[in-house]
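Notes for the one structure printed next.
None of these values were measured; they are calculated from a predicted model. For the numbers below, each heavy atom of this structure counts, side chains included, while hydrogens, waters and symmetry mates do not. Here is how names work: the chains are called A, B, and so on, in the same order as the sequence lines, proteins then strands, and each is numbered from 1.
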2 protein chains.
Amino acid sequence: MIKCVKCGQVEGIMKAGYVRGKQRFLCKPCNYYFTIQEKDVSTAVQQKRKRHQTTIIDIARTLGVSNSTVSRALHGHADISPDTRQAVLDTAALLDYQPNQLAYNLVKSRTNTIGMIVPEFHNPFFPNVIIGAHEVLTRAGYNLTIMQSNESYQVEISNTKAMLANRVDGLLISLTQETNNFDHLSVFEKRGIPLILFNRVCEEIDVPKVVVNDFESAFMAVEHLILNGYERIAHLGGPLTLLVSQERLRGYKAAMQKHGKTIESHMVIQGMLTQQKARIYGQYLLDLAERPDAIFAVNDSAAIEIMLIAKEKGIAIPDELGVVGFSDNPESAYIGPGLTTIRQPTLEMGQSTAEWILQLVDAEELNLHERKVLNTELIVRGSSMRKS
Amino acid sequence: MIKCVKCGQVEGIMKAGYVRGKQRFLCKPCNYYFTIQEKDVSTAVQQKRKRHQTTIIDIARTLGVSNSTVSRALHGHADISPDTRQAVLDTAALLDYQPNQLAYNLVKSRTNTIGMIVPEFHNPFFPNVIIGAHEVLTRAGYNLTIMQSNESYQVEISNTKAMLANRVDGLLISLTQETNNFDHLSVFEKRGIPLILFNRVCEEIDVPKVVVNDFESAFMAVEHLILNGYERIAHLGGPLTLLVSQERLRGYKAAMQKHGKTIESHMVIQGMLTQQKARIYGQYLLDLAERPDAIFAVNDSAAIEIMLIAKEKGIAIPDELGVVGFSDNPESAYIGPGLTTIRQPTLEMGQSTAEWILQLVDAEELNLHERKVLNTELIVRGSSMRKS
DNA sequence: AACGTATTCGCAAACGTTCCCGATAGTTTT
DNA sequence: AAAACTATCGGGAACGTTTGCGAATACGTT
């Protein structure tokens with residue numbers, strides 16, 4: 001602990017020069033310079049414990065060969081005779097050598113690491129995508145570094161900077177709902193680092209994207225409700241800053257229009273659906289004088305909240321109210337009645353995104369600005385099956 | 001693409017020496033050496049696109065100062081005058097400088113990265129632990145690299161090696177159910193890299209551990225069943241290679257003994273409970289001539305499987321059969337009747353493990369071989385509430 | 001004028017690898 | 001016997017930072 005000789009503080013002390021065996025410091029708070037005898041410093045500044053890690057050079061020295069030889073032997077280079085290779089391998093095992101990936105990364109300017117930024121972890125969607133991506137990347141010998149933007153644009157920016165600083169070989173990102181500027185992403189293109197958007201994508205920048213067919217899925221869900229005899233269908237949607245919300249809204253509208261249903265604007269609500277918000281909106285909808293006879297929710301947790309409210313109010317599901325969600329959370333299968341929903345291929349999304357980024361990492365040019373659309377599945381359960 | 005001039009293959013071609021403007025190669029498959037004119041090689045070997053990243057040196061050159069000055073200016077070292085610092089910052093922004101963390105890591109031999117190895121991702125337990133740890137680490141300026149051992153001892157070993165190679169500053173690990181040798185972990189102690197076991201721990205090595213009170217939790221669960229009038233309670237347990245399974249079994253037995261219930265050995269089943277296994281064991285238990293009137297399962301998915309089997313067989317829950325699970329998966333709240341279970345503080349486990357490792361990373365000595373035990377909570381729902 | 005101190009910068013050695021360009025024998029081929 | 005080739009190894013630069021140890025001024029103070 002270095003203490004300022006004037007104010008006595010220990011925080012905010014900075015190194016500042018050196019003079020004849022004395023370390024000089026600057027106390028930032030009181031802006032005062034002072035010197036300390038070096039021997040005192042060495043005891044005051046905590047010595048970081050730093051065991052010696054055996055390196056390639058150690059092996060080279062004990063064997064009396066050059067480090068190039070050791071390096072090549074360890075990598076199975078053709079130039080090395082079987083005898084020396086074996087000797088190197090033996091002493092490496094003997095000295096308990098572990099390669100230093102950091103040095104390797106520095107010289108190759110390649111990390112064998114793919115970065116992934118997701119907005120949140122709380123609903124099971126992103127963990128599942130991670131499982132899929134993780135599996136593919138691990139098999140290919142890559143590591144996966146995960147960061148969480150926590151739905152904050154600022155955090156997303158700092159995340160991307162950290163990814164750049166750590167020199168990931170590629171980045172998979174699902175955008176924040178706040179994100180409407182994309183300069184922090186175009187940096188990757190300038191640097192030649194492949195970038196793939198998945199799930200939460202945007203149209204503004206021209207990079208590979210992996211999404212599900214949100215429009216068709218919503219269309220399918222709403223049409224399913226209509227075909228089961230529901231007439232006045234409300235939509236509890238997500239924030240319109242998200243393309244997925246826009247698409248699902250579009251699908252809802254298209255299905256309604258196709259079947260000649262009028263869309264009542266006060267029954268289409270968009271917003272960030274926390275549990276409380278979902279409850280408020282749901283109560284609003286179910287308290288309406290002419291309440292809807294079905295609700296298509298943008299995700300399962302909102303749909304389940306609707307079901308709970310309906311139960312409290314004594315509204316029978318599915319006879320008096322049909323409900324369809326989106327995502328097929330695990331609980332949706334077990335709630336009674338089961339929640340009809342759209343199953344998204346989360347694992348597949350992770351896998352195909354990962355496979356794609358691996359291609360791009362090794363690609364010459366990364367101008368394959370395509371878009372991969374994965375198909376969903378309508379899971380029909382009790383919540384939308386009117387007995388009629 | 002380099003082709004072997006003998007066998008024509010392109011796979012398995014290795015660099016081998018160099019001679020007068022010619023690159024030499026070895027075709028591994030047919031073990032044949034051959035040379036190629038260097039200019040042909042340069043077109044044949046795909047040039048890795050490699051944009052120049054602006055470095056500290058670039059800034060130094062454009063400003064006519066030394067790189068030490070630039071480095072210090074970027075870090076706010078006290079030695080640098082405000083003018084030059086500003087100049088450095090300006091040109092850094094102008095040249096779009098991004099620090100190279102790899103070089104930093106190499107020279108500091110510190111990565112600001114914590115590694116985490118989990119056996120699986122499929123049940124929500126580990127993702128939740130990750131959320132907690134991630135939050136704490138991010139706030140402290142650390143990155144989190146996650147690997148998955150997939151319940152395989154061999155994969156766990158290769159994961160730990162990769163963690164070592166990548167020089168993580170600390171490791172959080174939850175063991176595989178196969179793991180019964182711990183040499184791959186003692187390496188970390190030799191290297192002075194802090195290591196914490198969580199959830200899936202072992203007694204054989206002396207490192208910090210974070211667990212829940214499995215014994216007390218199981219005791220609590222079984223006692224709850226007994227107090228609700230259940231008599232013949234079966235236990236569907238996990239593999240006994242896992243300490244958690246042992247502890248929960250011990251808790252089950254202790255509760256039974258305390259209340260003078262006889263433990264019928266054929267009603268205590270241990271094993272790796274995949275869905276199929278759970279179904280097989282569950283059917284066995286419920287087909288018994290004198291079947292149990294309650295089952296304490298080691299996890300919720302097994303408990304839910306039991307409930308489904310009971311429904312198929314027309315066994316009423318909770319009147320004819322009480323069921324208690326472990327973990328409080330999301331679906332457990334929504335199944336009918338609700339599943340009584342033990343809620344584990346997953347987020348807290350992640351948080352406290354992360355906080356602990358951060359302390360250890362900066363600690364002088366890491367001999368605080370303690371054990372942190374987190375408390376669980378019995379969530380009582382319908383599946384164990386006999387109406388009687 | 002001499003000297004002590006403040007302030008600001010630079011040199012160069014690490015950190016641990018990879019890999020280009022040879023070098024040096026021994027072995028064939030012409 | 002010269003030339004070409006095979007088989008193994010080494011020297012040393014490069015990757016981009018940090019930082020110990022000063023040096024070189026500028027400014028006061030006796």
CG of B/Asp79 versus C1' of D/dG20: gap in Å, rounded? 12 Å

Please give, in whole Å, the distance from C/dT18 P to A/His77 NE2? 11 Å

Classify the ring geometry of B/His75 against B/Tyr104: parallel below 30°, tilted from 30° to 60°, perpendicular beyond 60°. parallel

Distance check: side-chain N/O of [X] vs OP1/OP2 of [N], anything under 4.0 Å?
X	N	answer
A/Ser71	C/dT18	yes
A/Lys108	D/dA14	no
B/Ser66	C/dC9	no
A/Lys15	D/dT18	no

On DNA chain C, check which nucleotide each of B/Arg167 and B/Ala78 is closest to and give me the residue with the more 5' one. B/Ala78

Starting the side chain at C-beta, find the nucleotide from D/dC15, C/dT8, D/dT17 nearest to A/Val107. D/dC15

Of the listed nucleotides (D/dT8, C/dT17, C/dT8), which one gets closest to any side-chain atom of B/Ser81? C/dT8

So does B/Asp183 pair up with B/Lys161, basic N to acidic O under 4.0 Å? no

Check: A/Ser149/A/Ser152 side-chain N/O donor and acceptor closer than 3.5 Å: no

Which is true for [X] with a 4.0 Å heavy-atom rule: it touches a base, it touches only sugar-phosphate, or it touches nothing?
X	value
A/Leu106	base
B/Tyr97	sugar-phosphate
B/Thr84	sugar-phosphate
A/Ser68	base

Tell whether B/Arg72 reaches the base of C/dG10 with its side chain through a donor-acceptor pair below 3.5 angstrom. yes

Pairwise side-chain contact, B/Thr160 with B/Val187, heavy-atom cut-off 4.5 Å (strictly under): no

Does B/Leu358 reach the side chain of B/Leu137, with side-chain heavy atoms less than 4.5 Å apart? yes

5' priority, DNA chain D, between A/Val70 and B/Tyr104 [closest heavy atom]: A/Val70

Between A/Asp169 (side chain only) and A/Thr111 (backbone N and O only), is there a donor and an acceptor less than 3.5 Å apart? yes

Rounded to 10°, the angle between the first-five-pair and last-five-pair axes of the helix from C/dA1-D/dT30 to C/dT30-D/dA1 is 60°

